Amino acid sequence: MEKTTVRTRFAPSPTGYMHIGNLRSALYAYLFAKSHGGKFILRIEDTDLARYVEGAVDLVYRVLKEVGIHWDEGPDVGGDYGPYIQSERKDMYLPYAEQLIKSGHAYRCFCTKEEIEEARAQAQAEGRAYKYDKKCLHLSKAEIERKLAEGIPYVIRQNVPTSGTTSFTDEIFGTITVDNETLDDGVLIKADKMPTYNFANVIDDHLMQITHVMRGMEYLSSTPKYNLLYEAFGWEIPKYIHMPPVMRDAQHKLSKRDGDASYEDFINKGYLKEAIVNYISLLGWNPGDEREKFTLNELVEAFSIKGLSKSPAIFDPLKLRWLNAQYIRELSAEDFTRHAMPYYEKAGIAHMNTDILCKILQPRVEVFSELPEMVDFLAKLDEGYSIELFTNKKSKTDAQISREVLEFVIPELKALEAWDETHIHDLLMGLAQAREMKNGTLLWPVRIALAGKQVTPGGAIEIAVLLGKCEAIRRLELGLEKLKA
RNA sequence: GGCCCCUUGGUCAAGUGGUUAAGACAUCGCCCUUUCACGGCGGUAACAGGAGUUCGAAUCUCCUAGGGGUCACCA
C-alpha cells in the first residue's frame, strides 16, 4: 500500500494580527507535518473582502518566518496546488456548487435576507433553534428558471438530510455522532458568488490534498456538514484533529481585547521568540516526559498528537515569564547585550560597561522591557532619597555607622588609581577586614549612597565601576553630606 | 434553549483498574549571599458531586452540576 505524505495547512484570514491561539494552531500543524516528514502548506483565507487589512498577509509571513515555521507551499513560494490565496481562487468554487445542485446535494435559494432574518427572529422568540425550512428546495423547475431569468439574487445551499445520523472520528476527541436533523442547510455560495468559508475550505483542502485538517474545536460541530460535502463529491475525507482553544481564564478565550493576545505584543514587551514558541507549544500539549524546554527542532522530534489535550488551556503569563527568563539566562553575553541595547538606550546607560551590565542584569531580567526601570538609578541618582535607607539590620548598619564608613571609604576610593572591579573589590574588602567589620556593614552604605535605592541589581562594587570614578565619588560625598545634615 | 465537547492542586499537566496521585509555574520556608536576584533544598496544595460495575476505581458506565463550543450570505 502506498504511503501518502502527510499534508497539513495553516489557513489564517489576514486580520493584521497574529493571535497567540492562531500561532499555536500553525505551530501544531507544522509540527505534525514535519514530525511525519510531510508538507506544511500556508493558505490565505480572504474571501471576506470587507475585512481586508493592508499589510496583513505580510504580517503572517513575517511572524511565521521569524519563529522558524517554514511552509513548503504558499502564496509566495508557490507549489503544485496554487494559487494559495483564496481570493485568487474565487472562480473555482461555483462550478463545484453547481455540480452539487445537479446531484441534488445543493439547491438555489432565492429567499431574501429579510425573510431569513424574520424566520430566525421568530424561531428565537419561540425558543427553538433556527433552521432553514428548505422552502426553495421545492421550487419547480419552471419557477427556478423564471427567477433566474428575472435576475433575482440567490445563494446556493447545502441540502442536508433530515433524518439519520452522521459520524466522524476526530483523532483526539474520538468518534462523534450527530443527528442530521440538527443540521441546517448552510450557505455554500453567497449572493455575491463568493464561497462561504466552510465551502471554500472543503474544496481547497481537497484540491490541495490536505490529509489532516487541524483547526480549532469551534469547528467540531460543523464537521458533519463538511463530511456530507466530501461524500457528495465522492472525495476522500481527511483526518480531523480539532484543538481546544487558548483561554484567558476559565470562561473567556484569550482575545484581542485583552491586549496581550498577539505574538507582536509579547515581542514588543521584550519576550524572546523562542520562549513564546516554546511556551505555547506546551499549552494543550505535553511531550510525555518531563522536558519543558524545546527548540523548534526538538519540538518536531517530540511532537505527537497523542500529547494533545482535549480541554482548553488557560494562558499563564507568569509561566511564560519564567520560561522567558530561562532563555534570557542562556543567552551568550553578546546576544544578551544585543537584545538589551535598545533598553539600555532608553535608560540612558548605553555608554556604560556592557560586560558588567550583562553580569548583573542577565540573571535578574525576566522580560527585557522591565530593564530600564531596574537600572534607572544608574543614569540619574534620585538625590532626595531618605537616609533611613542606610539602616539595615542584617548588614548591621544605621545612619551613624554609615557615616563613619563613608568617611573612611571615600578618601581611599579617591586615592585609588585603577577603577575596576578587582581593585575596588580588593580595596573595600581589605578595609572591612582591617576594621574587623562584616563585609555587608561596609558595603551597604556604599551601595545606598551610590544608588539611592534599597534594592539594586548588582552590588556596590559593580555599581561603582559602572558609574565611573568621578560620578561614584560625587554620589558617595553627597550621601555623606546627607548623613551629616 | 437544542445539539456537540470538556472537568486531576491557583495555573500547565502526568496518569489509561491496584501509584505514598508525578513534574513544572506560582506560593511559603530554609540555605547560599554584598541588597535584590540567580542557584540549591524542603513545605502547603488536586482526582467537580452522586450512584453503579469490580476483590479493587482518578481510570469503566449512568445521572447531576459547572464550563466551553455551535446554531450567519464571518472566518
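Side-chain atoms are counted along with the backbone in the values below, which use heavy atoms only and exclude waters and symmetry mates. Model, not experiment: these values are computed from the prediction.
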Is any side-chain nitrogen or oxygen of A:Arg108 closer than 4.0 Å to OP1 or OP2 of B:C73?
->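 Looking at the OP1 and OP2 atoms of B:C73, neither is under 4.0 Å from any side-chain N or O of A:Arg108.
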Would you please confirm or rule out a distance under 4.0 Å between OP1 or OP2 of B:A13 and any side-chain N or O of A:Asn286?
->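 Answer is no, no contact under 4.0 Å.
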Using a 4.0 Å heavy-atom cut-off, does [X] contact any base of the nucleic acid, only the sugar-phosphate backbone, or nothing at all?
X: A:Arg321; answer: nothing
X: A:Glu290; answer: base
X: A:Val155; answer: base
X: A:Ser311; answer: sugar-phosphate
X: A:Leu442; answer: nothing
X: A:Ser395; answer: nothing
X: A:Lys394; answer: base
X: A:Gly288; answer: nothing
X: A:Lys310; answer: sugar-phosphate
X: A:Ala191; answer: base

Considering only the [atom1] atoms, how many Å lie between [N] and [M], rounded to the nearest integer?
N: B:G15; M: B:U7; atom1: P; value: 13 Å
N: B:A37; M: B:G23; atom1: C1'; value: 24 Å
N: B:C47; M: B:G42; atom1: C1'; value: 25 Å
N: B:U8; M: B:C3; atom1: C1'; value: 28 Å
N: B:C30; M: B:A48; atom1: C1'; value: 36 Å
N: B:A51; M: B:G67; atom1: C1'; value: 23 Å
N: B:U70; M: B:U64; atom1: P; value: 24 Å
N: B:G29; M: B:A45; atom1: C1'; value: 15 Å

Rounded to whole Å, how long is the line connecting atom [atom1] of [X] with atom [atom2] of [N]?
X: A:Arg329; N: B:G40; atom1: CZ; atom2: P; result: 10 Å
X: A:Leu378; N: B:C36; atom1: CG; atom2: P; result: 18 Å
X: A:Arg248; N: B:U11; atom1: CZ; atom2: P; result: 15 Å
X: A:Leu323; N: B:C25; atom1: CG; atom2: C1'; result: 10 Å
X: A:Leu188; N: B:C74; atom1: CG; atom2: P; result: 13 Å
X: A:Phe377; N: B:U35; atom1: CZ; atom2: C1'; result: 11 Å
X: A:Glu421; N: B:U34; atom1: CD; atom2: P; result: 15 Å
X: A:Leu331; N: B:C38; atom1: CG; atom2: C1'; result: 15 Å

Scan every strand shown for a Watson-Crick or G-U wobble partner of [N], both distances under 3.5 Å, and answer none if you come up empty.
N: B:C60; value: B:G52
N: B:G10; value: B:C25
N: B:G39; value: B:C31
N: B:U16; value: none
N: B:G2; value: B:U70
N: B:A45; value: none
N: B:A75; value: none

Hey, which sits more toward the 5' end of RNA chain B by its nearest nucleotide, A:Phe315 or A:Ala460?
->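 Result: A:Phe315.
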Find which nucleotide of RNA chain B each of A:Leu320 and A:Glu218 is nearest to by heavy atoms, and output the residue with the more 5' nucleotide.
->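 Closest to the 5' end, via its nearest nucleotide, is A:Leu320.
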Counting side-chain heavy atoms from CB outward, which of [options] is closest to [X]?
X: A:Ile314; options: B:C25, B:U11, B:C73; value: B:U11
X: A:Trp322; options: B:C3, B:C25, B:U35; value: B:C25
X: A:Trp444; options: B:U35, B:C12, B:C73; value: B:U35
X: A:Lys113; options: B:U35, B:C73, B:A75; value: B:C73
X: A:Leu318; options: B:G69, B:C12, B:C25; value: B:C25
X: A:Lys190; options: B:G69, B:C74, B:C12; value: B:C74
X: A:Ile176; options: B:C5, B:C36, B:A75; value: B:C5
X: A:Arg364; options: B:U7, B:A37, B:U33; value: B:A37
X: A:Pro312; options: B:A75, B:A37, B:C6; value: B:C6
X: A:Arg157; options: B:C73, B:G69, B:A72; value: B:C73

Could you tell me whether [X] sits above the aromatic face of [Y], with NZ or CZ closer than 6.0 angstrom to the six-membered ring centre and within 45 degrees of the axis?
X: A:Lys225; Y: A:Tyr219; value: no
X: A:Arg120; Y: A:Tyr130; value: yes
X: A:Arg248; Y: A:Phe315; value: no
X: A:Arg43; Y: A:Phe10; value: no
X: A:Lys135; Y: A:Tyr107; value: no

Closest approach of A:Lys453 and A:Ile448, non-hydrogen atoms and distance?
->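 Closest pair (atom of A:Lys453, atom of A:Ile448, distance): O-CD1, 3.4 Å.
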B:U34 base to A:Arg447 side chain: any donor-acceptor pair below 3.5 Å?
->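 Looking at the base of B:U34, it does not pair with any donor or acceptor on the side chain of A:Arg447 (distance under 3.5 Å).
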Would you state whether a donor and an acceptor, one from the side chain of A:Lys319 and one from the base of B:A24, lie under 3.5 Å apart?
->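 Present.
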Please confirm whether A:Tyr263 and A:Tyr271 have ring centers closer than 6.0 angstrom.
->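 No, the ring centres sit 6.0 Å or more apart.
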What orientation do A:Tyr226 and A:Tyr240 show, parallel under 30°, tilted 30 to 60°, or perpendicular over 60°?
->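 Perpendicular, since the angle between the ring planes exceeds 60°.
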Heavy-atom neighbours of A:Gln433 CD exceed 12 at 6.0 Å |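 It does not: A:Gln433 CD has 12 such atoms or fewer within range.
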Hey, what do you get for NE2 (A:His206) to CE (A:Met208), rounding to the nearest 0.5 Å?
->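 So the NE2 of A:His206 and the CE of A:Met208 are separated by 12.5 Å.
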